[in-house]
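Notes to accompany the following structure.
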Amino acid sequence: MEGPSLLILKEQVKTFKRRKVCKASGTVTKIEPKMLVGERIVDFKTWGKHFLIVFKSFSIRIHFLMFGSYRINERKAASPKLQLKLENGEMNLYACSIERIDEDLANVYDWSGDVMNDLWDPAKARRKIRKRPDVTVSDILLDQNIFAGVGNIIKNEVLFRIRVHPETSVGSLPPRKLTALIGEARNYSFDFYRWKKVFELSKNWLIYTKRKCPECKGPVTKRYTGLTRRRSFVCERCQMFYD
DNA sequence: CCGGTTGTTCAGCG
DNA sequence: GCGCTGAACAACCG
């Protein structure tokens with residue numbers, strides 16, 4: 001689950017804000033669900049792929065990883081990692097990682113590193129990238145310390161949109177291409193968000209899982225790129241290799 | 001029905 | 001102590 005999906009979740013639970021937890025249960029082991037009972041939800045926040053339930057003196061961090069899912073005021077067959085019953089509804093979280101954060105969130109998260117946050121700072125991202133010229137664009141986009149919220153789908157679509165090959169090292173990018181990469185990481189994330197809300201995300205993929213390039217109609221090749229070895233779909237003709 | 005994956009952490013190694 | 005690799009986990013789709 002990539003960053004934009006968490007913004008959608010945040011909207012779906014906003015009616016639970018300022019509500020108290022009436023019941024809490026689940027198979028989670030890192031926290032004791034019962035400790036949440038009686039606590040009032042102060043806010044919901046996201047940082048990249050982290051979904052944060054903020055209580056008065058602590059927060060709960062949810063990470064959905066690859067297979068996590070949720071239901072709001074609905075359930076599915078599987079037993080939830082965490083189920084919260086509020087005064088006005090319920091939230092069911094499945095197959096996710098759940099941790100308690102006792103520190104002040106301001107000391108844990110740098111909001112300017114989240115591509116979808118109002119405080120996103122592209123110049124700061126650029127400075128971080130400049131320090132690691134040998135890293136591939138594939139790996140740099142997936143680096144949560146630089147582009148929190150970007151996942152493998154966003155990576156693929158951003159690289160096609162700016163016509164850069166996934167195996168290009170960031171140091172060899174012309175300055176304008178680097179600007180485009182940073183800009184499109186945020187820009188495509190918002191397109192992802194808008195399309196996902198209307199169930200048209202996959203319909204709008206240009207390169208991800210595609211077999212034919214939408215531009216030149218040539219073949220799309222599948223590679224496992226960078227140190228992360230994540231899937232990359234690439235048009236070898238349109239996504240020029242700068243090196 | 002099996003293979004693959006919108007992701008991350010950690011053990012084990014040299 | 002480091003950087004690197006691969007395993008582990010998980011659930012659903014095609």
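Residue numbers begin at 1 in each chain, while the letters A, B, ... track the order of the sequences.
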- Item | Stepwise side-chain hydrogen bond (donor to acceptor under 3.5 Å, both in side chains) check, A/Thr27 with A/Lys81 | CA-CA 5 Å; A/Thr27 59; A/Lys81 262 271 158 69; 5.2 Å; no

- Item | CZ (A/Arg40) with more than 12 external heavy atoms under 6.0 Å | yes

- Got a sec: does the CZ of A/Arg194 have more than 12 other heavy atoms crowding it under 6.0 Å?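 It does: A/Arg194 CZ has more than 12 such atoms within range.
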
- Item | Pairwise C1' distance for B/dT6 and C/dT5, with rounding to whole Å | 23 Å

- If the P atom of C/dC9 is compared with that of B/dC1, how far apart are they to the nearest Å? 24 Å

- Task: Would you please indicate yes or no on a ring centroid separation below 6.0 angstrom for A/Tyr94 and A/Tyr70?
- Result: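 No; A/Tyr94 has its ring centre 6.0 Å or more from that of A/Tyr70.
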
- Centres of the A/His50 and A/Tyr109 rings: under 6.0 Å?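 So the answer is yes for these two rings.
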
Do NZ/NE/NH1/NH2 and the carboxylate oxygens of [X] and [Y] come within less than 4.0 Å?
X        : Y        : answer
A/Arg161 : A/Asp191 : yes
A/Glu215 : A/Arg163 : yes
A/Glu87  : A/Lys20  : no
A/Arg75  : A/Glu90  : yes
A/Lys203 : A/Glu200 : yes
A/Arg132 : A/Asp143 : yes
A/Glu236 : A/Arg223 : yes

- Task: Could you name each residue pair satisfying ring pair (Phe, Tyr, Trp, His ring centres under 6.0 Å) that touches residues 216-240 of chain A, not counting sequence neighbours?
- Result: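 Listed by first then second residue: A/Tyr208-A/Phe233.
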
- Name the nucleic acid region contacted by A/Lys155, choosing base, sugar-phosphate or nothing; use a 4.0 angstrom heavy-atom cut-off, strictly under. nothing

- Task: Give one of base, sugar-phosphate or nothing for A/Tyr208, where a contact means two heavy atoms less than 4.0 Å apart.
- Result: sugar-phosphate

Produce the list of close N/O pairs, under 3.5 Å, pairing protein atoms with atoms of nucleotides 1-3 of chain C; give distances to one decimal.
none

- Query: First contact, last contact: which nucleotides of DNA chain B are these for chain A, 5' to 3', heavy-atom distance under 4.0 Å?
  - Reply: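 Under 4.0 Å from chain A, the extent on DNA chain B is B/dT5 to B/dT8.
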
- Message: As a test of your reading of the structure, name each stem of DNA chain B as range with range, where a stem is three or more consecutive Watson-Crick or G-U pairs at under 3.5 Å.
- Response: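 Stems found: B:2-5 with C:11-14, B:7-14 with C:2-9.
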
Distances under 3.5 Å between protein N/O atoms and the N/O atoms of nucleotides 8-13 of chain C, please, pair by pair.
| residue | atom | partner | partner atom | Å |
| --- | --- | --- | --- | --- |
| C/dC12 | OP1 | A/Lys76 | NZ | 2.3 |

- 5' precedence on DNA chain B between A/Ser5 and A/Arg61 (nearest-nucleotide basis):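 The answer here is A/Ser5.
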
- Determine, stepwise, if the pair A/Thr228 / A/Asp139 fulfils side-chain hydrogen bond (donor to acceptor under 3.5 Å, both in side chains). CA-CA 6 Å; A/Thr228 48; A/Asp139 287 335; 2.6 Å; yes

- Message: Looking at A/Met1, is its backbone amide N or carbonyl O close enough to the side chain of A/Ser5 to form a donor-acceptor pair, meaning the two atoms are under 3.5 Å apart?
- Response: no

- Message: Using a 4.0 Å cut-off on heavy atoms, which residues in residues 127-149 of chain A reach DNA chain B? List them by number, or say none.
- Response: A/Gln144

